[in-house]
Amino acid sequence: MSTRGGRALRSARQVSELLTVPEEVAVTLDTWRDGGTIESVSAFVAESIQAAVDRRKSLATIECVYGGRPPPEMINRGRELLGLPPLSSDEHPAAGAA
């Protein structure tokens with residue numbers, strides 16, 4: 001079993017024949033790869049997708065526990081712990097709902 005970014009990879013399969021990104025993103029990815037910032041574009045994309053999937057799974061678990069989106073205070077406390085700014089009431093659909 002190989003590892004990538006500290007994460008064990010059990011198996012892999014191609015899920016898309018083609019990935020198209022804006023030219024400026026492609027240039028940035030090429031620069032990062034060529035400079036050693038990222039192992040490869042493919043690895044970077046796979047790790048980014050895995051991180052997004054992990055976040056979505058975590059949010060789904062939290063929403064299951066709360067029967068919906070958690071209260072804004074809880075979300076903003078979590079964002080604070082991560083060093084992120086709080087969500088505005090416009091960004092939180094449940095805010096202000098009674």
Enter the distance from [X]:[atom1] to [Y]:[atom2] here, rounded to the nearest 0.5 Å.
X	Y	atom1	atom2	answer
E63	S58	CD	OG	11.0 Å
Q50	R55	CD	CZ	10.5 Å
R77	L82	CZ	CG	10.0 Å
I75	L59	CD1	CG	8.0 Å

From L29, T31, T28, residue fulfilling side chain to side chain contact (heavy atoms under 4.5 Å, CB included) relative to I38:
L29
Do [X] and [Y] belong to the same hydrophobic cluster, where Ile, Leu, Val, Met, Phe, Trp and Tyr are linked whenever their side-chain heavy atoms lie under 4.5 Å apart, directly or via other members?
X	Y	value
I62	L87	no
V21	V41	yes
L81	V65	no
V27	V45	no

If we count only N and O atoms by modelled type, under 3.5 Å, do the side chains of N76 and E80 hold a donor and an acceptor together?
no
Carboxylate-amine/guanidinium contact K57 D54, below 4.0 Å
no
For a 4.5 angstrom cut-off between non-hydrogen side-chain atoms, does D30 reach R33?
yes
